Amino acid sequence: MLIRQLYYFVSLARERHFARAAEACNIAQPTLSAAIRKLEEELQVQLVVRGKRFAGLTSEGARVLIWGRQILADYDSLLQDLTGDRKALVGTLRLGVIPAAMPSVALVTEFFTTAYPRAHVEIISLTSRAIALALDAFEIDGGITYLENEPLERVRCLPLYHERFVFIAKRDHAFSARASVTWREAAGERLCLLSEDMQNRRIINRLAQAAGIAVTPVVTSNSFLALCALLRHGDWASIVPDTFLYVFGGTPDLFAVDLIEPRQEQLMGLVLSQREPASPMA
């Protein structure tokens, strides 16, 4: 009963609406409300600020939410672990991936789905900071992000590959016959880049600063798809990871060359929660 009550409570905290939470749990709203009141009675604290509608969690409710997510994650892991046969692993692997790693995520999911054919994979586009928060909140099983540029706490890191930056523009650009482009030259172009909340962009800013220049894009977006659309349908250039070419490299009207002075690689990898025992999905 406690597991069910916690499940309803966590759903309410996620949906922030009693009716939507009940619908997500496939139960009637009075059933959900009664279960949460029963949980409050058992814990002897008020968890939800009630008014005419959901008004948030109390301070005690926020603490119970953290424990509830952990308990539910452990319960799911227990059920998965009891299946015994690794090939019989079922459920959903929730993977948070930064936009810069999206073009290469299939390399990981292909191995996973081959090894565990009964499991499903849910890929969520998140910033590196959101991945760290989601791991702590048990909202994802793992993440793919940069490993060396910004502090990573309470995670296990598994290196996957090195990423480098390339300059990309339409085929008729003045640099199209070049073998490489310097950062100073790239900074002088009409650029569209990822937005400042993306670690990829913060790395670009640091590299430009190290070269003694400033990168000032005209257009920013949190989506590489938007950058590709701009590159194909306007007089734009961009700085993107080389993995961008896995998806968009077959576009005949675009070209890409290495960026130099400085030439640098970033280590990308899988991050998992440090807690033991790890979930079977992790």
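By convention here, the first residue in the shown sequence is residue 1. Everything numeric here is computed off the predicted structure, so don't read it as measured data. Only heavy atoms go into these numbers, but all of them, side chains included; no hydrogens, no water, no symmetry mates.
- For Ala187 against Ala214, the heavy-atom pair with the smallest separation is CB-O, 3.8 Å.
- Closest approach of Ala100 and Asn200 over heavy atoms only: CB-ND2, 4.0 Å.
- Under a 4.0 Å N-O distance rule, the pair Asp253/Lys170 does not qualify as a salt bridge.
- Side-chain atoms of Ser128 and Gln199 include a donor-acceptor pair closer than 3.5 Å.
- Using a 4.5 Å heavy-atom cutoff, the side chains of Phe9 and Leu57 are in contact.
- A distance of 9.0 Å separates CG in Leu259 from CG in Leu207, rounded to the nearest 0.5 Å.
- Summarising the geometry of Leu272 relative to Gly142, their closest heavy-atom pair is CD2-CA, 3.8 Å, with the distance given to 0.1 Å.
- Proximity of Asn149 to Gln266: side-chain heavy atoms (C-beta onward) are separated by under 4.5 Å at one or more points.
- Ile131 approaches Gly96 most closely through the heavy-atom pair CD1-O, 3.5 Å.
- Of all heavy-atom pairs spanning Leu135 and Ser273, the tightest one is CD2-N, 4.2 Å.
- Within the 4.5 Å cutoff, the side chain of Glu148 has heavy atoms near those of the Leu267 side chain.
- Atom SG in Cys192 sits 5.0 Å away from atom CG in Leu230 (nearest 0.5 Å).
- Contacts classified as ring pair (Phe, Tyr, Trp, His ring centres under 6.0 Å) and involving residues 142-178 (residues at least two apart or in different chains) are given here: Phe165-Trp183, Phe167-His173, Phe167-Phe175, His173-Phe175.
- With contacts defined as side-chain heavy-atom distances shorter than 4.5 Å, the pair Val271/Leu147 qualifies.
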Please evaluate residues Thr243 and Met102 with respect to the criterion side-chain contact (heavy atoms from CB on, under 4.5 Å), reporting the C-alpha separation (whole Å), side-chain torsions for both, the decisive distance (0.1 Å), and the verdict. CA-CA 9 Å; Thr243 51; Met102 278 293 183; over 6 Å; no

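- Ile144 places none of its side-chain heavy atoms less than 4.5 Å from the side chain of Ile98.
- Using modelled atom types and a 3.5 Å distance limit, the side chains of Glu196 and Asn205 yield a donor-acceptor pair.
- In terms of modelled atom types and a separation under 3.5 Å, the side chain of Ser238 and the main chain of Val240 share no donor-acceptor contact.
- Exactly one residue among Arg184, Arg178, Glu185 makes a side-chain hydrogen bond (donor to acceptor under 3.5 Å, both in side chains) with Thr182. That residue is Glu185.
- Inter-residue side-chain proximity for Tyr7 and Leu12 is flagged as unmet; no heavy-atom pair is nearer than 4.5 Å.
- Applying the side chain to side chain donor-acceptor pair (under 3.5 Å) test to every pair with at least one member in residues 27-47, sequence neighbours left out, gives these pairs: Glu40-Arg50.
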Which donor-acceptor pairs under 3.5 Å do the side chains of residues 60-70 make with protein atoms, sequence neighbours left out?
{"residue": "Glu60", "atom": "OE1", "partner": "Thr58", "partner atom": "OG1", "Å": "3.4"}
{"residue": "Arg69", "atom": "NH2", "partner": "Glu139", "partner atom": "OE2", "Å": "3.2"}

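- A heavy-atom distance below 4.5 Å is not found between the side chains of Arg20 and Ser11.
- With contacts defined as side-chain heavy-atom distances shorter than 4.5 Å, the pair Ile124/Leu95 does not qualify.
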